[in-house]
Amino acid sequence: MKLKENRWLLISIVIGSFFNSFMSSSLNIAMPEIDIEYGIGVDKVAWITKSFLLASAIGLLLSGWLADNFGRRKIFLIGNIVFGVISLLIIFLKNFYLLVIFRFFQGLGSSMIMASAPALIASAFDTNKRGFVLGIQTTFTYVGLLLAPLLGGILTQYFGWKSLFLFNFFFTILALVIITFGVKSEWKNEEKINFDFYGYSLFVVVVIGIVLALEWLNWNSLIALAISFLFGYGFIIYELQHPQPFISIPFIRNNIFFTHSILAALINYATTFAISYILSIYLQNVRGMKPIQAGVVLSFQPLMMALFSAYFGHLSDKNNPGKIASYGMAIISGSLLLIGLLINETIPIFILAILLAILGFGFALFSSPNTNAVMSSVNKNAYGFASAFLAFSRLFGQFISMALASSLILLVNTRNMEILHFSSLVLSTKIIFIIFAILSAYGVHLSLQRIKKT
């Protein structure tokens, strides 16, 4: 009975993991089409993704606490219900700003899925099978990223961008049916753990201050950063005095290997996530490609990630994972710089595809080993905290990536964001990739520092 139940549980988790990654990436392919429909400019269209990422990031740690205290299966179910129902409602929306609001709430549902899925696997499966099952979940996450550009392009081109949400709705319903009727067990902590809501609230204000600073990129950004700094200082003072802090400041301060690994992950996602968004606009607006054609080009990066991530994760079990991750980030930085220097209105598409494949190889070399480095730097009783904090750094890094990309496009294209000019778009694309390359190079420095400290 347990074996059958665990199989159904794994299938539902795999579906949830696949569509979480698929939706984020496939929407980037649809951005030009969405911009055409609403006519508000690519900087504002990016908020369809940014609102989702922001909600997922700030809701993740809270969702983890809810899952531990009220039931991991229950929170996984609620997350899928929110995710699926909002996917259906979005199909009927005609107002762009309502779409952004709905995507924010869909992000909260996503945070419930992401926080409860690994905990369900850890709870339901024996220790000797846990790594294998987590590997299956990770594989389907990358499969979602791999299929998103091509499948998303096909759906967008032939059925419209809202078909992405309809496609997601049907499979979310399938996951709900499977876990509702196939999994009856529930897992939660025997004793309720208090949650530091005051510390969490301060933390959210800090994050929102950074978000507004990145969004405005003007003098108001200084005010937002000042507010974020003040609340951040108050957060640190409060957490140092709290018996059960939201984030353990001494742990962050003393465990340099963990801290640098988290910062490396944050920088890595901040410099890579928006690539499909930027190049989707470039390929469709400048090079005149259809969504399917653009999807084929963009699929070279996730293809390499799917092919090599598991192998490099295995390699990091036998070697220093921090060193392997540093090599990966160095390849990413070099690839970003080459794309920034070479991209123009006539660059051969096969050259761009090769550079994206190299970038994907570097990402595979970084991602699994860096996750291994994070988890290897903490004791067993801190696995939940480390996993949640790593997920937060990934999501917030993705948000920063989208915010920087859309804001830089806006700054360079100073005329009218509702009408993209080829020369301005190409220039902004070059600037974005070069800035991402520089940030990634700093990430290499941070990544190497943790090796010297060990």
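Atoms CG and CG, on Leu263 and Leu446 in that order, are 6.0 Å from each other to the nearest 0.5 Å. Annotation: the span from Lys290 atom NZ to Gln284 atom CD amounts to 9.5 Å, rounded to 0.5 Å. From Ser116, atom OG reaches atom CZ of Arg73 across 11.5 Å, with rounding to the nearest 0.5 Å. The CZ atom of Arg103 lies 6.0 Å from the CD1 atom of Ile90; values are rounded to the nearest 0.5 Å. Atoms CD1 and CG, on Ile400 and Leu395 in that order, are 11.5 Å from each other to the nearest 0.5 Å. One distance of note links CD1 of Ile179 with CD of Glu5; it measures 9.5 Å at 0.5 Å rounding.
The ring of Phe389 has its center no closer than 6.0 angstrom to the ring center of Phe396. For Trp65 and Phe197, the distance between ring centers is under 6.0 angstrom.
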CA sep, side-chain torsions, deciding dist, call: Asn255, Ser377, side chain to side chain contact (heavy atoms under 4.5 Å, CB included): CA-CA 8 Å; Asn255 194 333; Ser377 66; 4.1 Å; yes
Leu151 vs Phe22, test: side chain to side chain contact (heavy atoms under 4.5 Å, CB included). Steps then yes/no. CA-CA 9 Å; Leu151 183 56; Phe22 174 82; 3.9 Å; yes
Between Thr49 and Tyr277, does the side chain to side chain contact (heavy atoms under 4.5 Å, CB included) criterion hold? Intermediate values first, please. CA-CA 10 Å; Thr49 297; Tyr277 162 69; over 6 Å; no
Verdict with supporting geometry, Phe300 and Ile354, side chain to side chain contact (heavy atoms under 4.5 Å, CB included): CA-CA 8 Å; Phe300 278 84; Ile354 291 172; over 6 Å; no
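By the 4.5 Å heavy-atom criterion applied to side chains, Lys74 and Arg72 are not counted as neighbours. Using a 4.5 Å heavy-atom threshold, the side chains of Lys188 and Phe70 count as separate. Under the 4.5 Å side-chain criterion, counting only non-hydrogen atoms from C-beta, Asp196 is in contact with Tyr198. Leu27 has its side chain within reach of Ile34: a pair of non-hydrogen atoms, C-beta onward, lies under 4.5 Å apart. The shortest side-chain heavy-atom distance between Tyr158 and Ile292 falls under the 4.5 Å cut-off. Residues Leu279 and Phe433 have side chains in contact (heavy-atom distance under 4.5 Å, counting atoms from C-beta outward). When side chains are defined from C-beta on, Ile435 does not count as touching Leu404, because their heavy atoms never get closer than 4.5 Å. Side-chain contact check for Ile324 versus Asn372: every heavy-atom pair is 4.5 Å or farther apart.
Screening Phe436, Phe392, Phe363 against Tyr269 for a ring-ring contact (aromatic ring centres under 6.0 Å, His included) leaves a single residue, Phe363.
Side-chain atoms of Tyr311 never come within 3.5 Å of backbone atoms of Leu365 as a donor-acceptor pair (strictly under, hydrogens ignored). Not one N or O on the side chain of Asn285 forms a donor-acceptor pair closer than 3.5 Å with the backbone of Pro32. Distance alone, capped at 3.5 Å, places no donor-acceptor pair between the Lys162 side chain and the Phe92 backbone. Side-chain atoms of Asn370 do not come within 3.5 Å of backbone N or O of Phe366 as any donor-acceptor pair. A donor-acceptor contact shorter than 3.5 Å links the side chain of Glu239 to the backbone of Ile247. Judged by distance alone, the side chain of Thr180 and the main-chain N or O of Val177 form no donor-acceptor pair under 3.5 Å. Remark: the backbone N or O of Val444 is not paired with any side-chain donor or acceptor of Ser447 at under 3.5 angstrom. Side chain of Asn268 to main chain of Ala264: no donor-acceptor pair is present (N/O by atom type, distance under 3.5 Å, no hydrogens or angles). At distances below 3.5 Å, at least one donor-acceptor pair connects side-chain atoms of Ser51 with backbone N or O atoms of Val100. For Ser299 (side chain) and Pro149 (main-chain N/O), no donor-acceptor pair under 3.5 Å exists by modelled atom type.
Taking all atoms of both residues into account, the shortest heavy-atom contact from Ala46 to Ser406 is CB-CB, 3.8 Å. Closest non-hydrogen pair, Thr141 versus Ser21, comes out as O-OG, 2.8 Å. Nearest heavy atom pair, residue Gly107 against residue Ser56, reads O-OG, 3.1 Å. Closest heavy-atom contact between Ser228 and Val206: OG-O, 2.8 Å. Shown here for Ala124 and Asn6, the closest heavy-atom pair between the two residues is O-ND2, 3.0 Å. Closest non-hydrogen pair, Ser335 versus Ile358, comes out as OG-CG2, 3.4 Å.
With a 6.0 Å radius and a threshold of 12 heavy atoms from other residues, nucleotides or ligands, Tyr238 has its OH atom above the threshold. Within a 6.0 Å sphere centred on NZ of Lys44, other residues, nucleotides and ligands contribute 12 heavy atoms or fewer. The 12-atom threshold is not exceeded at OH of Tyr442, counting heavy atoms of other residues, nucleotides or ligands nearer than 6.0 Å. With a 6.0 Å radius and a threshold of 12 heavy atoms from other residues, nucleotides or ligands, Phe105 has its CZ atom at or below the threshold.
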Please tabulate, for side-chain N and O atoms in residues 165-176, each donor-acceptor pair with protein atoms closer than 3.5 Å (sequence neighbours left out).
| residue | atom | partner | partner atom | Å |
| --- | --- | --- | --- | --- |
| Asn168 | ND2 | Ser87 | OG | 2.6 |
| Thr172 | OG1 | Asn168 | O | 2.8 |

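Donor-acceptor pairing under 3.5 Å is lacking for the side chains of Asn28 and Ser280.
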